[in-house]
**Student:** 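Once you've had a glance at the structure underneath, I'll fire off some questions.
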Amino acid sequence: MTVEPELVPSPVDPSWAGVVIGLLGRTSASGLLTLAKEAALAAVGSRAGAVYIRQDDGRLRLATTTGYGEYIVEKYGSVDAEADLPVAEAARERRLVWRPTREYSGLGGDAARFPSPSAYASVPLMMEDRCLAVLSLQLDRAEPLSESEERTLSLIAAVAAQRLEYLLSRESRVLPAGIPRLDQAVRLVESRTRAARLELAMASADIGAFDWDFDSGRLVWDERTCRLFGVEPDAFDERIDTFYAHIHPEDQAAVHAAARTSMRTGFYSALYRIIRPDGAVRWIDAKASVVRDPEGRPQGMVGVAQDRTEEREHEERRHARREFVLTLTAAFGTALSTQDVVDTMTGTVLPALDANALAIHLIRDGDVVLAGAAGYPEEVLRRLGEPSMGRAGSPMSAALRAGTPLFYESREEFRAAFPDDSFRPAPEHHAWALLPLTTADGTVGTCILSYADARGFTADDQIVTTAIAGILAQSLARARLYDQRRQAMTELQRVMLPRSLPRLPGVEVAVRYRPGSEGLDVGGDWYDVVRLPGGKVGLMIGDVQGHSAQAAAVMGQLRTALLAYADDGHGPADLMACGNRMLCGLDTDLFATCCIVELDPATGVLRMARAGHPYPLLLEADGTVRELDCPGGLPLACQLDDEYPMVTAELAPGATLLLYTDGLVESREHSYDEGVAELMRSLSRRPAGGPDADGAGPGVRAARNGGPVRDGILRGGPAGERDRSDLDALADRIAAPAGRTAQDDIAVLLVRRTD
């Protein structure tokens, strides 16, 4: 027969199982040899190669080539079997041959056309003791083939030889119509020598062969396929029903569907689970070609099967790791403070790793400081917080020195590494992972993960913990910067608020300021309580738009201007108009809301002006609560000539006036109106002067009239005034209600008439 050269390479499926089924499924010698050549090139990373067919006269004729120019193709299109050339040597030796190019004398001066260094790997396609063809590959390297490369080339050559022999022999015989044209797998089973050769070649790739005759239902498995399914070769009954009985119930429909599809497409491919007789579940990857009779009717199927369980489990583990890392990254992405990071580790990482305790230490000014811990008994927790945790010989020091995660699989191993009693573990812990936390900018600290049971840390465990250490380090570094900046910004805000409140006869005053829980920058909330001529009291509260240093600066300027205008004797409406003109004159796009109240303690008369600010609330002595009807103008800086009407009301003895910023009632969970309604309901549950045990909580700036502002306590003033008053308790309850987290800044100003 004549096989024409194909000079254009064709792509090859990188899966060797796919290559084998591709070779077995080729219906032409030309297509078979081209696929064998391309698969071999891919296996050894070569760019040039050729396949020669052994002719009856013994000469080797070029069948297909890749990577050679016209000169080489024409000159070496036909090669004498005795020539000192790569293909001839492999045909004579009947084995795989590797040899440097320069050693082949048959190339003569043409050797200079090849790269240096270079070599040839040539493998014969053998059937019994006959060489059918030679596959020859040019290697642009001096190193011999690896053991894996030799195995792969032998596999390709063995399968290609089997298929080539069948294709060549088929042309010399004619089968009567109606006789199934089964492929070579059945004949290989019947021929021990051929079956042994193919089995040996395919065994290196863990591939088993099968042949299914549709008419008779006979299914032939080679020995390796029987082993894949956990069946003894002598016990396999060659029934297709036996095959389907091994398929996992959840995958049977997919396997049937793939078989039906193959009747139309001519190609079968399925990845499914089987249940072996011993109960083991394995993943099988099967590929096959459908054999047709001369009229094109499907007669049978020949294919290969390969155990993919390890690859599948590896892929599932890899997918699980990826999903876990993505989940962890997203969780840490929302963790802004160091405590948020610790909480994320406790809530997300511990359950996922089956760990039951962790401790995070940070490096601060050269010392190792406990930043957070969970799952440890009190005595161990106390020791974890001691300065000795950072000294030489400690687990933290060992992790920092190693620079990579350390794993201790038992108490004995841990105690051998850290014999000092200062580091003795909790009785309920039996394995540990010590993670150094390092970023590109340096070491942040360490994390200790403790486990309830002794355990062996697998490669997957080590990959995951290493990923956790990297994500945790970055998150802690970011959180530390956030904590430092937020602390600085909060202190700036506090400095800009009044440091103390004046003593005011006839009234009691309490204020609270609480920074929001979100964002790094300060807000523009403020309040002021000032003495006015004639024994009157001025109350101011406001909120500059936004959270930024600019908002804080504008707030400072506006507050200073209003205080100056108040000293000039302006009433609330004029005072608001002055503040509006001043803010309009600033080079800023920010606006501000504000409420100004003038109170005469002697008469209880209130005069109020409002600029886009929440309505004041009046808390009567009997516990009823109502909004004061106080029509106002636009926020300051919206319109230069805006007017702010003044409204008069009365504050009865024992009643309380509440001024607040919108952060107290606004949230993502409900609307502004709903927030105001809920605030009024909460205030109406108890009389305004009733007892209240709620504390102010951390971060709440508090003060009473006659004393300086401090976080949650009052210092200075007469001894009797140092005790918490009912108004203090009410201010605490308003500013920090149970279970509530402020998303925006909160300013609260309460004034109660006592006479």
Side-chain angles (χ1 to χ4, degrees), residues 321 324-325 328-346 348-350 352-353 355 357-376 380-409 413-414 417-420 422-423 425 429 431-451 457 459 461-488 520:
R321 286 200 307 268
F324 174 68
V325 171
L328 190 61
T329 302
F332 277 128
T334 60
L336 298 179
S337 66
T338 300
Q339 187 58 49
D340 290 340
V341 175
V342 174
D343 292 342
T344 299
M345 285 290 293
T346 304
T348 303
V349 176
L350 284 185
L353 297 183
L358 69 83
I360 296 176
H361 288 78
L362 299 180
I363 298 177
R364 291 177 180 167
D365 300 326
D367 296 327
V368 175
V369 180
L370 181 65
Y376 292 102
V380 175
L381 192 60
R382 178 187 58 77
R383 284 192 280 112
L384 287 172
E386 293 177 352
S388 61
M389 287 296 109
R391 63 180 170 84
S394 70
M396 298 76 184
S397 176
L400 293 173
R401 187 172 60 254
T404 57
L406 302 175
F407 301 94
Y408 300 92
E409 299 182 347
E413 190 175 342
F414 185 87
F418 310 106
D420 193 319
S422 299
F423 313 127
H429 295 157
W432 294 263
L434 309 184
L435 314 180
L437 307 178
T438 305
T439 68
D441 297 325
T443 302
V444 177
T446 65
C447 176
I448 298 179
L449 295 172
S450 301
Y451 299 81
F457 291 95
D461 293 333
Q462 297 181 29
I463 291 173
V464 170
T465 51
T466 300
I468 290 172
I471 299 171
L472 177 59
Q474 295 291 340
S475 300
L476 284 171
R478 184 183 69 248
R480 177 184 292 183
L481 292 176
Y482 179 93
D483 290 341
Q484 293 172 348
R485 184 180 177 189
R486 182 164 180 79
Q487 181 179 2
L520 285 173

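What you see is a predicted model, and the numbers here were worked out from it, not measured in a lab.
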**Student:** With the threshold set at 4.0 Å, does a side-chain nitrogen-carboxylate oxygen contact exist between D420 and R391?
**Tutor:**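 R391 and D420: salt-bridged.
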**Student:** For R364 and D367, what are the C-alpha separation, side-chain angles and deciding distance, and is it a side-chain contact (heavy atoms from CB on, under 4.5 Å)?
**Tutor:** CA-CA 5 Å; R364 291 177 180 167; D367 296 327; 5.7 Å; no
**Student:** Looking at every heavy atom in both S394 and S397, which two are closest together, and how far apart are they?
**Tutor:**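 Shortest heavy-atom separation between S394 and S397 comes out as OG-N, 3.0 Å.
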**Student:** With side-chain contact (heavy atoms from CB on, under 4.5 Å) as the criterion, how do L353 and D461 come out once you've worked through the C-alpha distance, each side chain's angles and the decisive distance to 0.1 Å?
**Tutor:** CA-CA 8 Å; L353 297 183; D461 293 333; over 6 Å; no
**Student:** Between L400 and G445, which heavy-atom pair has the shortest distance, and what is it?
**Tutor:**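 Between these two residues, the closest heavy atoms are CD2-O, 3.7 Å.
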**Student:** I want to check something: taking the side chain as every heavy atom from C-beta on, are P405 and F457 in contact at a cut-off of under 4.5 Å?
**Tutor:**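 P405 vs F457: side chains apart.
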**Student:** Quick one: are T404 and T466 in side-chain contact, heavy atoms under 4.5 Å?
**Tutor:**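 A side-chain contact under 4.5 Å is absent here.
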**Student:** Provide the closest heavy-atom pair for L381 versus A373 in the form atom of the first, atom of the second, distance.
**Tutor:**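 Nearest pair, atom of L381 first, then A373: CD1-CB, 3.4 Å.
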**Student:** Tell me, with the steps shown, if L362 and V368 meet side-chain contact (heavy atoms from CB on, under 4.5 Å).
**Tutor:** CA-CA 6 Å; L362 299 180; V368 175; over 6 Å; no
**Student:** With side chains defined as the heavy atoms from C-beta onward, is the minimum distance between L437 and C447 less than 4.5 Å?
**Tutor:**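 Counting from C-beta outward, L437 and C447 do come under 4.5 Å.
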**Student:** Just say parallel, tilted or perpendicular for the rings of W432 and H429, cut-offs at 30° and 60°.
**Tutor:**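 Answer is perpendicular, since the angle exceeds 60°.
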**Student:** Is there side-chain contact between M389 and F423, with at least one heavy-atom pair below 4.5 Å?
**Tutor:**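 Yes - at least one pair of side-chain heavy atoms lies under 4.5 Å apart.
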**Student:** Compare every heavy atom of H361 with every heavy atom of L384, then report the nearest pair and how far apart it is.
**Tutor:**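 Scanning both residues completely, I find the closest heavy atoms to be O-NE2, 2.8 Å.
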**Student:** Atom OG of S450 and atom OH of Y408: how far apart are they, to the nearest 0.5 Å?
**Tutor:**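 Those atoms lie 12.5 Å apart.
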**Student:** State which residue, out of T465, L406, I360, T446, fulfils the side-chain contact (heavy atoms from CB on, under 4.5 Å) condition with L435.
**Tutor:**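 So, applying the side-chain contact (heavy atoms from CB on, under 4.5 Å) to L435 and each of T465, L406, I360, T446, only T465 qualifies.
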**Student:** Are any non-hydrogen side-chain atoms of E386 and L370 less than 4.5 angstrom apart?
**Tutor:**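 Contact flag for E386/L370 side chains = no.
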**Student:** Measuring centre to centre across the rings, with the benzene-like ring taken for any Trp, is Y451 within less than 6.0 Å of F407?
**Tutor:**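 So the answer is no for these two rings.
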**Student:** Do you know which two heavy atoms are closest between T443 and T438, and how far apart they sit?
**Tutor:**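 T443 and T438 have their closest heavy atoms at OG1-OG1, 3.8 Å.
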**Student:** How far apart are the closest heavy atoms of Y376 and L358, and which atoms are they?
**Tutor:**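 Here Y376 and L358 meet closest at CE1-O, 3.1 Å.
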